[in-house]
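One structure is given here, and the rest of the page talks about it.
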Amino acid sequence: LEWRAPLFRIERSMLPIPFGFGRIHTTLFTDFGKVWNEGDFDGQINTSAGLEINGDVYFGYNGAIPFRLGFAKGFDEGGEGQVYLTFGSRF
């Protein structure tokens with residue numbers, strides 16, 4: 001489950017060379033699920049939630065490269081927090 005909201009629509013270069021940002025938005029999300037390798041499913045569902053800043057970075061004249069900067073936190077026993085930065089599309 002996720003909710004997205006726009007933050008900025010920059011769409012301009014900050015330097016004389018073609019480098020800049022496009023649209024910037026935020027995503028609030030939560031996940032529910034279970035992963036296991038062997039044996040029977042014990043019925044426990046794990047939960048997590050997080051927040052992301054998403055947008056487009058322009059490097060040159062060939063189009064935008066999507067980026068995500070986020071933090072996710074697992075709420076169950078053994079859950080941990082994680083900060084991440086990715087460039088490129090999700091799939």
Side-chain angles (χ1 to χ4, degrees):
L1 177 66
E2 70 179 36
W3 176 72
R4 295 181 182 188
L7 291 177
F8 305 104
R9 189 175 181 137
I10 300 170
E11 298 199 11
R12 68 177 69 123
S13 178
M14 293 179 275
L15 302 170
I17 60 173
F19 169 78
F21 292 94
R23 292 173 287 179
I24 308 291
H25 62 275
T26 185
T27 304
L28 179 64
F29 65 89
T30 185
D31 289 323
F32 305 90
K34 182 70 174 185
V35 176
W36 68 97
N37 290 328
E38 296 179 13
D40 294 330
F41 174 54
D42 62 6
Q44 179 184 359
I45 301 294
N46 297 334
T47 60
S48 65
L51 179 66
E52 291 180 345
I53 301 294
N54 303 284
D56 298 320
V57 177
Y58 292 92
F59 293 108
Y61 298 105
N62 295 326
I65 299 172
F67 76 89
R68 295 187 307 160
L69 172 63
F71 175 77
K73 171 75 174 131
F75 296 124
D76 299 302
E77 184 178 334
E80 59 185 44
Q82 181 178 17
V83 175
Y84 54 91
L85 174 64
T86 64
F87 287 93
S89 61
R90 294 182 185 197
F91 298 103

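A 4.5 Å side-chain heavy-atom check between Thr47 and Phe32 finds at least one atom pair inside the cut-off. Ile53 is listed as a side-chain neighbour of Ile24, based on a closest heavy-atom distance under 4.5 Å.
Atom CZ of Phe29 is separated from atom CG of Leu51 by 8.0 Å, given to the nearest 0.5 angstrom. Rounding to the nearest 0.5 Å gives a distance of 8.0 Å between NZ of Lys73 and CD of Glu80.
Tracing side-chain contacts under 4.5 Å through hydrophobic residues (I, L, V, M, F, W, Y), one reaches Ile65 starting from Leu85; they form part of the same cluster. In terms of hydrophobic clustering, with Ile, Leu, Val, Met, Phe, Trp and Tyr side chains grouped at heavy-atom distances under 4.5 Å, Phe87 and Leu69 are assigned to a common cluster.
In plain terms, the two heavy atoms of Glu52 and Thr26 that are nearest each other are O-OG1, 3.0 Å. Nearest heavy-atom pair, Ile45 versus Gly33, reported as atom, atom and distance to 0.1 Å: CG2-N, 3.4 Å. Pairing each heavy atom of Gly74 with each of Ser48, the nearest pair is CA-CB, 3.9 Å. Nearest heavy atom pair, residue Ala64 against residue Tyr58, reads CB-CE2, 3.5 Å.
Under the side-chain hydrogen bond (donor to acceptor under 3.5 Å, both in side chains) criterion, Thr86 pairs with Arg68, not counting sequence neighbours.
Within 6.0 Å of CD in Gln44 there are more than 12 heavy atoms belonging to other residues, nucleotides or ligands.
Using cut-offs of 30° and 60° on the angle between ring planes, the pair Phe67 and Phe21 is perpendicular.
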